[in-house]
Amino acid sequence: MAAPAPDPQPASDPVRDTSPGNGPGSVRDTSPGPGRGTDAGARPGTDPDADSRPDANARPGRGTDADADAPPGPDPLTVPSMSAGPDFVLRPWEMSDLPLIREAAQDPYIPLITTVPSRYSDRAAEEFVRRQWDRAATGAGYPFAIVRSRDRRPVGAIGLWLRDLPEGRASIGYWMVPYGRGQGVTRAALRTVTGWALRDLGIPRLQLFIEPWNTASARIAVDVGYRHEGLLRGWQQVGDERRDMAVYGLLNSDGPVDGRAVASN
């Protein structure tokens with residue numbers, strides 16, 4: 001699993017229609033079925049929710065004297081549905097994804113580096129989904145659920161986070177629950193989001209943060225084209241301690257990424 005930006009997971013979002021594709025910043029999934037491809041035994045790398053601390057990306061309030069001169073916040077984003085190979089798709093989060101969050105909450109590592117609740121409850125899981133919607137609504141990034149096409153079962157998450165976009169860079173985070181590992185899904189999802197971000201969004205630089213011990217996630221990053229650029233000591237809070245993170249980067253000028261993301265409306 002690739003580590004998320006400093007904060008484990010999402011911002012919060014008001015109650016919304018819970019039917020598929022009705023969350024803020026999302027579009028209805030019209031692909032044949034959820035799709036994704038995971039990599040063998042990959043643990044969560046950069047967490048998709050890494051840049052998502054609650055309220056960290058909130059837009060400035062409006063209608064008050066204190067905010068009268070504040071610059072406008074980022075525009076809402078539309079999260080597309082994309083094929084990630086023949087067997088998986090990436091799509092906006094839905095309230096039907098609560099079983100995935102339950103599974104992720106039981107993993108010993110995922111709750112440490114994301115905002116997936118460590119103690120599952122339906123309420124906490126629903127708040128998690130709303131935070132994903134809010135991230136798109138506030139322009140913080142594109143959160144995707146990774147879904148298997150044949151039975152529409154969600155198996156993980158990946159996100160493109162835009163907090164540093166004004167500086168010409170963005171980060172990607174992802175995690176996969178055990179039953180989604182070992183199928184090439186993580187690699188396919190990372191390749192899909194990477195190609196889309198570089199080619200369609202024109203982002204100059206993408207980066208991943210992975211703990212040095214996480215060789216499976218590191219291997220996936222290198223396979224997709226990312227280069228190991230160094231070690232950031234004490235970079236991120238993971239559980240009760242500061243952890244080192246290896247940084248992997250890919251520039252728009254480094255050349256094409258294998259595979260092409262196919263967006264569908």
Side-chain angles (χ1 to χ4, degrees), residues 1-10 36-53 84 90 104 107-116 141-144 146 155-164 167 169-178 180-198 203-252 254 257-259:
M1 165 199 252
D7 180 57
Q9 257 186 313
R36 75 169 274 205
T38 81
D39 188 353
R43 295 300 301 270
T46 353
D47 175 317
D49 292 316
D51 296 326
S52 61
R53 298 176 182 170
L90 310 180
D107 187 271
Y109 189 58
I110 293 175
L112 292 179
I113 64 170
T114 73
T115 56
V116 167
Y142 294 91
F144 297 94
I146 305 172
V155 295
I158 188 166
L160 174 65
W161 310 124
L162 309 179
R163 182 176 58 185
D164 296 326
E167 284 73 46
R169 59 181 179 267
S171 61
I172 295 178
Y174 51 84
W175 52 261
M176 195 72 56
V177 293
R181 298 171 190 164
Q183 305 173 54
V185 183
T186 305
R187 183 179 283 98
L190 179 59
R191 180 176 290 118
T192 296
V193 174
T194 296
W196 175 66
L198 295 176
I203 298 175
R205 171 185 168 84
L206 298 176
Q207 52 195 20
L208 304 174
F209 301 95
I210 301 172
E211 290 203 69
W213 60 263
N214 196 344
T215 56
S217 283
R219 184 169 57 250
I220 293 171
V222 171
D223 287 349
V224 172
Y226 287 81
R227 301 180 186 180
H228 179 229
E229 297 179 335
L231 182 69
L232 301 171
R233 296 184 302 146
W235 178 256
Q236 185 169 327
Q237 187 76 22
V238 177
D240 297 328
E241 60 182 314
R242 302 287 309 177
R243 299 274 188 90
D244 296 345
M245 289 286 168
V247 59
Y248 292 79
L250 181 60
L251 304 182
N252 205 310
D254 283 342
V257 175
D258 291 341

Problem set entry | Beyond-backbone contact of L231 with P212, side-chain heavy atoms, under 4.5 angstrom | yes
Exercise. Between D164 and A170, is there a donor-acceptor pair closer than 3.5 Å when you use the side chain of the first and the backbone of the second?
Worked result: no
Problem set entry | Mutual orientation of the aromatic rings belonging to Y109 and W213 [parallel < 30°, tilted 30-60°, perpendicular > 60°] | perpendicular
Exercise. Would you call I203 and L162 a side-chain contact if the rule is heavy atoms closer than 4.5 Å?
Worked result: yes
Seminar exercise, completed: Between A221 and L190 the two heavy atoms that sit nearest each other are CA-CD2, 4.1 Å
For this session: List the atom of A188, the atom of A84, and the distance in Å for their closest heavy-atom pair.
Result: CB-O, 3.7 Å
Problem set entry | Working for side chain to side chain contact (heavy atoms under 4.5 Å, CB included), residues W175 and V116 | CA-CA 11 Å; W175 52 261; V116 167; 3.9 Å; yes
Exercise. So, R242 side chain and W235 main chain: donor-acceptor pair closer than 3.5 Å or not?
Worked result: yes
Problem set entry | Gap separating the OG1 atom of T194 from the CZ atom of R187, nearest 0.5 angstrom | 12.0 Å
For this session: Check whether any side-chain heavy atom of L160 lies under 4.5 Å from a side-chain heavy atom of W196, and answer yes or no.
Result: yes
Exercise. Would you say the side chain of I210 lies within less than 4.5 Å of the side chain of H228, judging by non-hydrogen atoms?
Worked result: no
Seminar exercise, completed: Rounding to 0.5 Å, atoms CD1 (I172) and CG (L206) come to a distance of 5.0 Å
For this session: With rounding to the nearest 0.5 Å, note down the distance linking CZ in R205 to CD in E167.
Result: 12.5 Å
Exercise. Under 4.5 Å between any side-chain heavy atoms of I113 and R243, yes or no?
Worked result: no
Exercise. To the nearest 0.5 Å, what is the distance between CG (L208) and OH (Y226)?
Worked result: 4.5 Å
For this session: For N214 and E211, indicate whether the former's side chain and the latter's backbone hold a donor-acceptor pair under 3.5 Å.
Result: no
For this session: Would you name the heavy atoms of A189 and I146 that are closest together and state the gap between them?
Result: CB-CD1, 3.8 Å
Problem set entry | R169 side, atom CZ; R163 side, atom CZ - distance, nearest 0.5 Å | 9.5 Å
Problem set entry | Reported CG-to-CD distance for the pair L251 and Q207, which is rounded to 0.5 angstrom | 10.0 Å
